[in-house]
Chemist: 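First the structure, then my questions, so here it is.
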Amino acid sequence: MKTSTFRLAIRAKGIRLEVSMNKQAEKIIRYLQRFYKDEEWPTLLAQAREWAETEPLGGLKVLDGTPLFRNTLGKYAALLAAGARLYVPTNTPLPRDPAILELLPEFGIRTALKADNPFDIVLDCAGQFCRLHPTLGFAELTRSGVERYEHTLHHPIFVADDSCIKRIETTLGTGESLFRALTRLGYGDFAGRRITVVGYGKVGRGVVHYARKFGMRTIVADVEDKAAELPNDTTFVNVQDIEAFNEAVRSSWCLVTCTGRVSALKHRLRPETVLESPVLLANLGVEDEFGPAIPPSRVLNHKHAVNFMLEEPTGMRFIETTMALHNACALELLTQDLPHKCMPPGEDVQRRLLNITLRDGLIAEDVRGLGREIGLVGC
């Protein structure tokens, strides 16, 4: 593959580095630097720079099924810098930006109409390609995909979701994207308004974190008693207390579901509470969490995850470390004699990537501020 001397500047730190990088990776990086500051994606840039020197994936056929948006190109740049023969599937049900798909040939990225090529490594998302037989194995991006792989344990599978790094994307990234989506829809006046957050897992914690940063009054509703885990200025309501929960919804400006469970509010949220009410309804999960009694027209983005109405559902600064970890799992698969089971990425790999994020990334303050709560302390 042709290489050139490419000046990769990490402007945030005033560092200028010259590395020999193949033309495809170089072109993608130059393109993305029109949209992102280097400190928005320091981990992927560092990965591309490091891998360009040794090309550890040289000649290997890699299928990457990550949802395709503009920031996904940064992930591809690192893989191409590593010498991978990269393929992107076009017959996937996962969300993607058609405009970015059309750009792939411009960067020399191959598309795969059918995932029936004999790939060496599959970087999967949601277990779409769990029935393939790559020569080296898989890296799965999500928790939902693990369920599919548990029935097809015929290869080594590294799971990026089994890492503290994934919590940056899931908690901070998804939380922040809710408020970008609301702003995009014309609801950007947050201060002093009340929001009820259903589910206080990784996503719900991020929503509460950003709601408080925007000066909102926060209520958390969950089936488990989470009162002791909440910030002092946040109220807890048990969803199973139907009267108290519906009263909290009635008094709110926005209700957002973060449970990840199909019809989580069925038999709990009374239709009459919201059908004639001005309260905004939003979902941040893949599933319809409101249930059939609430019509899609009553929920923002027709019950689909509201952040997926955005050009970039999760901001580059929040997702880039996860994408770098997913890439790094490809190198883990080069290890000999791996067991045929689902495994977390190596702790050393996670720690090294997280250190780059905390040293050079724009989100370092948020990660440190919420680190203990989302399990990043001691990672």
Side-chain angles (χ1 to χ4, degrees), residues 1-6 8 17-32 43-66 68 72-92 101 103-125 128-141 154-160 320 323-340 343 345-346 348-349 352-353:
M1 193 173 289
K2 294 182 179 179
T3 62
S4 65
T5 299
F6 174 44
L8 182 58
L17 300 161
E18 290 188 358
V19 296
S20 179
M21 187 172 294
N22 69 62
K23 294 277 190 182
Q24 291 172 277
E26 173 186 342
K27 191 171 184 179
I28 291 174
I29 291 172
R30 289 193 186 280
Y31 171 77
L32 292 179
T43 317
L44 284 171
L45 284 172
Q47 192 173 68
R49 184 177 68 244
E50 177 186 344
W51 286 357
E53 296 178 1
T54 59
E55 294 198 341
L57 299 176
L60 294 178
K61 295 182 69 173
V62 177
L63 179 72
D64 192 309
T66 307
L68 178 59
T72 316
L73 294 174
K75 186 180 196 295
Y76 297 164
L79 292 169
L80 292 167
R85 295 170 62 193
L86 179 63
Y87 291 79
V88 173
T90 58
N91 58 335
T92 170
L101 181 63
L103 281 179
L104 296 186
E106 215 176 287
F107 299 120
I109 297 174
R110 304 170 180 89
T111 56
L113 291 175
K114 293 183 179 180
D116 55 3
N117 287 302
F119 297 105
D120 296 299
I121 293 170
V122 174
L123 301 179
D124 204 353
C125 179
Q128 303 168 84
F129 305 111
C130 65
R131 298 195 181 278
L132 295 185
H133 292 273
T135 59
L136 293 173
F138 297 88
E140 167 58 39
L141 191 58
H154 46 67
H155 291 83
I157 305 123
F158 282 102
V159 181
E320 67 104 18
M323 292 196 290
L325 178 64
H326 198 210
N327 285 351
C329 289
L331 266 63
E332 298 269 275
L333 289 167
L334 302 181
T335 304
Q336 298 298 311
D337 299 323
L338 290 169
H340 290 190
M343 301 168 284
D348 289 347
V349 174
R352 184 156 50 87
L353 295 175

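The structure displayed is predicted, hence computed values, not measured ones.
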Chemist: Output the distance between atom NZ (K75) and atom CG (L44), rounded to the nearest 0.5 Å.
Modeler: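 Rounded to the nearest 0.5 Å, the NZ-CG separation comes out at 8.5 Å.
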Chemist: Under 3.5 Å, side chain of E140 to main-chain N/O of I157, donor-acceptor pair present?
Modeler: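 Judged by distance alone, no pair lies under 3.5 Å.
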Chemist: What closest approach, in Å, do V62 and A84 show between heavy atoms, and which atom pair accounts for it?
Modeler: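 It is CG2-CB, 3.8 Å.
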Chemist: Give the minimum heavy-atom separation between M21 and A48, together with the two atoms involved.
Modeler: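 Smallest interatomic distance, heavy atoms only, reads CE-O, 3.8 Å.
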Chemist: With sequence neighbours left out, write down each residue that passes side-chain contact (heavy atoms from CB on, under 4.5 Å) with Q128, or none if nothing qualifies.
Modeler: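 If we apply the side-chain contact (heavy atoms from CB on, under 4.5 Å) test to Q128, skipping adjacent residues, the hits are T92, P93, L94, D124, C125.
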Chemist: Do F107 and Y76 have ring centroids that are under 6.0 Å from one another?
Modeler: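 Not close enough - the centres of the two rings lie 6.0 Å or further apart.
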Chemist: With sequence neighbours excluded, tell me which residues meet salt bridge (Lys or Arg N to Asp or Glu O under 4.0 Å) with D337.
Modeler: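 Scan of D337 (salt bridge (Lys or Arg N to Asp or Glu O under 4.0 Å), adjacent residues dropped) gives none.
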Chemist: Hey, could you give me the CZ/CG distance between R352 and D348, rounded to the nearest 0.5 Å?
Modeler: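 The CG atom of D348 is 8.5 Å from CZ of R352, to the nearest 0.5 Å.
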Chemist: If you look at every heavy atom in M343 and P156, which pair is closest and at what distance?
Modeler: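 Nearest heavy atoms, M343 then P156: CE-CB, 3.9 Å.
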Chemist: List the residues meeting side-chain contact (heavy atoms from CB on, under 4.5 Å) with T335, not counting sequence neighbours, and say none if there are none.
Modeler: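 Partners of T335 by the side-chain contact (heavy atoms from CB on, under 4.5 Å) criterion, ordered by chain and then number, come out as L338.
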Chemist: Do L331 and V349 pass the side chain to side chain contact (heavy atoms under 4.5 Å, CB included) test, and can you show the C-alpha distance, the side-chain angles, and the key distance before you say yes or no?
Modeler: CA-CA 10 Å; L331 266 63; V349 174; over 6 Å; no
Chemist: As an exercise, state the distance from OG1 of T66 to CG of N327, rounded to the nearest 0.5 Å.
Modeler: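 Nearest 0.5 Å value for the OG1-CG distance: 7.5 Å.
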Chemist: Verify, without hydrogens or angle tests, whether N22 (side chain) and L80 (backbone) share a donor-acceptor contact under 3.5 angstrom.
Modeler: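 Judged by distance alone, yes, a pair lies under 3.5 Å.
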Chemist: Between L68 and L104, is the side chain to side chain contact (heavy atoms under 4.5 Å, CB included) condition met? List the steps.
Modeler: CA-CA 10 Å; L68 178 59; L104 296 186; 4.0 Å; yes
Chemist: Taking D120 for its side chain and K61 for its backbone only, find out whether a donor-acceptor pair lies under 3.5 Å.
Modeler: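 Yes, the answer is positive, given that a donor and an acceptor are paired below the 3.5 Å cut-off.
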Chemist: Can you name the side-chain contact (heavy atoms from CB on, under 4.5 Å) partners of A330, sequence neighbours left out?
Modeler: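 Scan of A330 (side-chain contact (heavy atoms from CB on, under 4.5 Å), adjacent residues dropped) gives L57, I121, L123.
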Chemist: Determine the minimum heavy-atom distance between A25 and A81, stating which atoms define it.
Modeler: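 A25 and A81 have their closest heavy atoms at CB-N, 3.8 Å.
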Chemist: Could you tell me the separation between the CZ atom of R30 and the NZ atom of K27, rounded to the nearest 0.5 Å?
Modeler: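 It is 11.5 Å, given to the nearest 0.5 Å.
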Chemist: Please name the pair of heavy atoms, one in D64 and one in P89, separated by the smallest distance, quoted to 0.1 Å.
Modeler: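 Smallest interatomic distance, heavy atoms only, reads O-CD, 3.1 Å.
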Chemist: With heavy-atom distances below 4.5 Å as the criterion, would you say the side chains of Q24 and L86 are in contact?
Modeler: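 Not touching, per the 4.5 Å side-chain cut-off.
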Chemist: Please report the interatomic distance NE2(H133) to NE2(H154), rounded to the nearest 0.5 Å.
Modeler: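 If I round to the nearest 0.5 Å, the distance is 4.5 Å.
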Chemist: So which atom in L63 and which in L132 form the shortest heavy-atom distance, rounded to 0.1 Å?
Modeler: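 Smallest interatomic distance, heavy atoms only, reads CD2-CD1, 4.0 Å.
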Chemist: For F138, which residues count as a ring pair (Phe, Tyr, Trp, His ring centres under 6.0 Å) partner, sequence neighbours excluded?
Modeler: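 Listed in chain order: Y149, H155.
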Chemist: Considering residues at least two apart in sequence or located in another chain, which fulfil the salt bridge (Lys or Arg N to Asp or Glu O under 4.0 Å) criterion with E106?
Modeler: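 Salt bridge (Lys or Arg N to Asp or Glu O under 4.0 Å) list for E106, sorted by chain: empty.
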